[in-house]
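Within every chain, numbering begins at 1; the chains are lettered A, B, ... in the order of the sequence lines, protein sequences first and strands thereafter. In this text the structure is predicted, and so the values were computed from the model without any measurement.
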Number of protein chains: 2
Amino acid sequence: MDVGKRLRSRGYRVTAQREAIYDVLEENEGKPLSPEDIHAMAVVKHTGLGLCTVYRTLDLFCNLGIAFPVHLKGGHGYYELNSGKHHHHMECLSCGAVELLEACMIDDIVELVRDGSDFLVTSHCMSLFGYCPDCLEQNRERKG
Amino acid sequence: MDVGKRLRSRGYRVTAQREAIYDVLEENEGKPLSPEDIHAMAVVKHTGLGLCTVYRTLDLFCNLGIAFPVHLKGGHGYYELNSGKHHHHMECLSCGAVELLEACMIDDIVELVRDGSDFLVTSHCMSLFGYCPDCLEQNRERKG
DNA sequence: CTCAATGCAAACTGTTTGCAACCGC
DNA sequence: GCGGTTGCAAACAGTTTGCATTGAG
């Protein structure tokens, strides 16, 4: 769907900057880009575009469901003792509680990848996001 | 195994700071901590401990396989056009190339989670890391 | 014409680095 | 005592914010 419509229908203004940024995203569909990447490409389409506008626009696009963040290596650093056991995490969006997740389908996925491409997978990360029991309970109380 | 041994056997020195940091990690096994979290807890065990030492030690611990980074929400921001299609990524550790990965076992995992805990999963992220075909090829040439 | 959106520069946060003092081996 | 390790402060990178100006509706 047209960005202009999606912005206007939600009460946001359609500016040349936002269209330039959207175009860059569209031209690079399926390829993660940093704000700086996006700025570098979008500034060609709209001279004078500021980097902070890129940040603000990406934030808006994410809130509107137009874009979404991708979490690759190099995120904010959290560390954990390497107990040797393989596991993942579930993070509560509300309170930040993290629950351990023993389940891991990674072997199945790696197998699928092996059949479908020549990428050699050596490690991975996966996190689930949602709400922990405590927050769900509190939310229930507040409503009821 | 004892940290002291693991450090010494690799030629690194065993210091009170490193032991304090290791202790904090061990006491919080299974729980992701930020360098600041770790510093706050370790400075109690070793007064005067600097935050930069925490960073250096965590880096060392990761290289030695003693600790490992966990990638939760809030990492370096990459963005992508929301095409509505669900997918993941494979990132090449050598050149940074990113390959799209259609395979997703998330439904199976979510089901497992539903059976095993009361966490409500609303979203997730998963990335595989390894080497892309080009880098594997170049590496082969360099060796042969 | 009004107020959302922008560009700039400055502020802020998380992380890294240069260097002299320190201390494990 | 040698050289790896530390703490400090300053540097750095990525992101956010305050404010006057601009421009979409």
Side-chain angles (χ1 to χ4, degrees), chain A residues 2-24 32-64 66-67 69-79 96, chain B residues 2-24 32-64 66-67 69-79 96:
Chain A
D2 177 35
V3 222
K5 257 183 206 161
R6 298 174 78 169
L7 288 170
R8 222 172 281 124
S9 72
R10 300 280 221 109
Y12 294 99
R13 294 186 180 171
V14 182
T15 65
Q17 288 91 331
R18 288 176 177 172
E19 287 179 323
I21 291 167
Y22 180 84
D23 286 349
V24 168
L33 301 172
S34 70
E36 206 132 4
D37 290 338
I38 293 169
H39 178 253
M41 286 187 272
V43 79
V44 176
K45 298 166 188 287
H46 185 90
T47 323
L49 175 70
L51 182 55
C52 65
T53 299
V54 174
Y55 281 104
R56 285 189 275 228
T57 301
L58 288 173
D59 196 38
L60 176 64
F61 281 6
C62 288
N63 285 332
L64 295 181
I66 293 172
V70 178
H71 307 286
L72 298 176
K73 241 186 161 74
H76 280 198
Y78 288 93
Y79 299 86
Chain B
D2 177 34
V3 222
K5 258 185 205 161
R6 297 173 78 169
L7 288 170
R8 222 172 282 123
S9 72
R10 300 278 223 113
Y12 294 99
R13 293 188 179 168
V14 182
T15 65
Q17 288 92 330
R18 289 177 176 171
E19 286 179 322
I21 292 167
Y22 180 84
D23 286 349
V24 167
L33 301 172
S34 69
E36 207 132 5
D37 290 338
I38 294 169
H39 178 253
M41 286 186 273
V43 81
V44 176
K45 297 166 189 284
H46 184 90
T47 322
L49 175 69
L51 181 55
C52 66
T53 298
V54 174
Y55 280 104
R56 287 189 273 229
T57 302
L58 288 173
D59 196 38
L60 175 66
F61 281 5
C62 288
N63 286 331
L64 296 180
I66 292 172
V70 178
H71 306 285
L72 299 175
K73 246 189 160 70
H76 281 201
Y78 286 93
Y79 296 84

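- Two residues are said to be in side-chain contact when any heavy atoms from C-beta on lie closer than 4.5 Å; B/Arg10 and B/Leu64 meet this criterion.
- An OP1 or OP2 oxygen of C/dG7 is reached within less than 4.0 angstrom by a side-chain nitrogen or oxygen of A/Thr53.
- Rounded to whole Å, the distance from NE2 on B/His39 to C1' on C/dT16 is 15 Å.
- Between the CZ atom of B/Phe61 and the P atom of D/dT5 there is a distance of 11 Å, given to the nearest Å.
- Across the protein-nucleic acid pair, B/Leu49 atom CG and D/dT6 atom P stand 9 Å apart, rounded to whole Å.
- At least one side-chain heavy atom of B/Ile21 sits less than 4.5 Å from a side-chain heavy atom of B/Val54.
- Atom-to-atom, NE2 of A/His46 to C1' of C/dT6 comes out at 8 Å; the value is rounded to the nearest Å.
- A distance of 11.0 Å separates CG in A/Leu58 from CG in A/Asn63, rounded to the nearest 0.5 Å.
- When rounded to the nearest whole Å, the span between CD of B/Glu19 and C1' of D/dT6 equals 15 Å.
- Rounded to 10 degrees, the angle separating the terminal helix axes of the helix from C/dC1-D/dG25 to C/dC25-D/dG1, each built from five base pairs, is 30°.
- Between A/Leu60 and A/Leu7, the closest side-chain pair of non-hydrogen atoms falls below 4.5 Å.
- Residue contacts for A/Gly11: at a heavy-atom cut-off of 4.0 Å it reaches no nucleic acid atom on any strand shown.
- Atom CD of A/Glu36 is separated from atom OH of A/Tyr55 by 6.5 Å, given to the nearest 0.5 angstrom.
- For the pair A/Leu58 CG and D/dT15 C1', the computed distance is 12 Å after rounding to whole Å.
- B/Gln17 has no side-chain polar atom (N or O) that falls below the 4.0 Å cut-off from OP1 or OP2 of C/dC23.
- A distance of 11.5 Å separates OG1 of A/Thr57 from CD of A/Glu19, quoted to the nearest 0.5 Å.
- Evaluation of the side-chain contact (heavy atoms from CB on, under 4.5 Å) rule for A/Ala20 yields A/Ala42, A/Lys45, A/His46 as partners, not counting sequence neighbours.
- When every heavy atom of B/Tyr12 is checked against every heavy atom of B/Arg18, the shortest pair comes out as CB-NH1, 3.8 Å.
- One can place CG of B/Asp59 at 14 Å from C1' of D/dT5, the figure rounded to the nearest angstrom.
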Exercise for the section: Produce a footprint string for nucleotides 16-25 of chain D: one letter per nucleotide, 5' end first; B if the base is under 4.0 Å from any protein heavy atom, S if only the sugar-phosphate is, - if neither. Expected result: BBB----BBS
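- Put simply, CG on B/Asp37 is 11 Å from P on C/dT15, counting in whole angstrom units.
- Note that CG of B/Asp23 and CD1 of B/Ile38 are 12.0 Å apart. Values are rounded to the nearest 0.5 Å.
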